[in-house]
Amino acid sequence: MSAEPVSRIDAAIAEIEALILSHFPEATFDVALGDDPEGTYLTATVDIEDTDEVIDVIVERMLEMQVDEGIPLYPIIVRPIERVLAEIRAPQPSWTRPLLPMR
């Protein structure tokens, strides 16, 4: 894995975190190196129903960083595990179609 200058990647991480926090102040972050593709992965945990709302906030700047500036920073937006588990455990609506028996 090629080493990106620390100051560029650190500045990019800080900028993307600030963009996310400006819209979702409760967001938390983790940073890790990855190799598919090689680069730095920024995982943002945001308690929101649709994580695409977070992507909408950062997508233009992320494309500039990745394509124009060659900064290998890749965001991953996840929801808190507690929210996911609560949704799984919630009763399903009664209008869902029942499973059909196998023939």
Side-chain angles (χ1 to χ4, degrees):
M1 198 181 303
S2 61
E4 185 70 23
V6 174
S7 60
R8 278 184 72 201
I9 206 75
D10 285 346
I13 291 167
E15 183 178 343
I16 296 303
E17 286 179 351
L19 275 173
I20 293 171
L21 287 169
S22 70
H23 290 83
F24 308 97
E26 74 288 351
T28 60
F29 303 94
D30 289 305
V31 177
L33 295 178
D35 58 6
D36 191 19
E38 285 187 12
T40 302
Y41 288 77
L42 174 64
T43 301
T45 303
V46 184
D47 193 358
I48 190 168
E49 186 173 328
D50 183 1
T51 58
D52 285 347
E53 292 180 39
V54 181
I55 295 296
D56 291 344
V57 170
I58 62 171
V59 68
E60 288 182 29
R61 184 60 183 123
M62 283 307 312
L63 287 174
E64 289 172 358
M65 286 181 179
Q66 293 168 353
V67 176
D68 299 338
E69 301 170 30
I71 298 173
L73 178 61
Y74 306 100
I76 301 168
I77 312 303
V78 298
R79 300 180 311 154
I81 190 69
E82 299 81 11
R83 182 180 183 118
V84 174
L85 290 173
E87 287 179 9
I88 290 171
R89 292 178 181 139
Q92 298 300 312
S94 59
W95 50 264
T96 58
R97 189 169 13 165
L99 293 176
L100 298 176
M102 303 271 301
R103 293 184 189 183

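Heads up: numbering here begins at 1 and tracks the sequence. If you're wondering where the values come from, they're calculated on a predicted model, not measured in any experiment.
Counting non-hydrogen atoms of neighbouring residues, nucleotides and ligands closer than 6.0 angstrom, the CD atom of Glu26 exceeds 12 such neighbours.
Glu87 is linked by a salt bridge (charged side-chain N to carboxylate O under 4.0 Å, His left out) to Arg79, Arg83, counting only residues two or more places apart in sequence or in another chain. By the side-chain hydrogen bond (donor to acceptor under 3.5 Å, both in side chains) test, Glu64 is found to be paired with Arg61, residues two or more places apart in sequence or in another chain being considered.
In this structure, Arg8 and Gly70 approach most closely via the heavy-atom pair NH2-C, 4.1 Å.
Leu33 is not connected to Val78 by any chain of hydrophobic side-chain contacts under 4.5 Å among Ile, Leu, Val, Met, Phe, Trp and Tyr, and they are in different clusters.
Using a 4.5 Å heavy-atom cutoff, the side chains of Thr51 and Val46 are not in contact. Between Leu42 and Ile76 there is no side-chain heavy-atom pair separated by less than 4.5 Å.
Applying the 4.5 Å side-chain rule to ILVMFWY residues, one finds Leu85 in the same cluster as Ile81. Think of Val84 as one node in a network of Ile, Leu, Val, Met, Phe, Trp and Tyr side chains linked at under 4.5 Å; its network also takes in Ile88.
Atom CG of residue Asp52 and atom CD1 of residue Ile77 lie 10.0 Å apart, to the nearest 0.5 angstrom.
Pairs of residues two or more places apart, or lying in two chains, that qualify as ring pair (Phe, Tyr, Trp, His ring centres under 6.0 Å) and include a residue from residues 38-82 are Tyr41-Tyr74.
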Donor-acceptor pairs under 3.5 Å, side chain of residues 16-24 to any protein atom, not counting sequence neighbours: which ones?
| from | atom 1 | to | atom 2 | distance (Å) |
| --- | --- | --- | --- | --- |
| Ser22 | OG | Leu19 | O | 2.6 |
| His23 | ND1 | Leu19 | O | 3.4 |

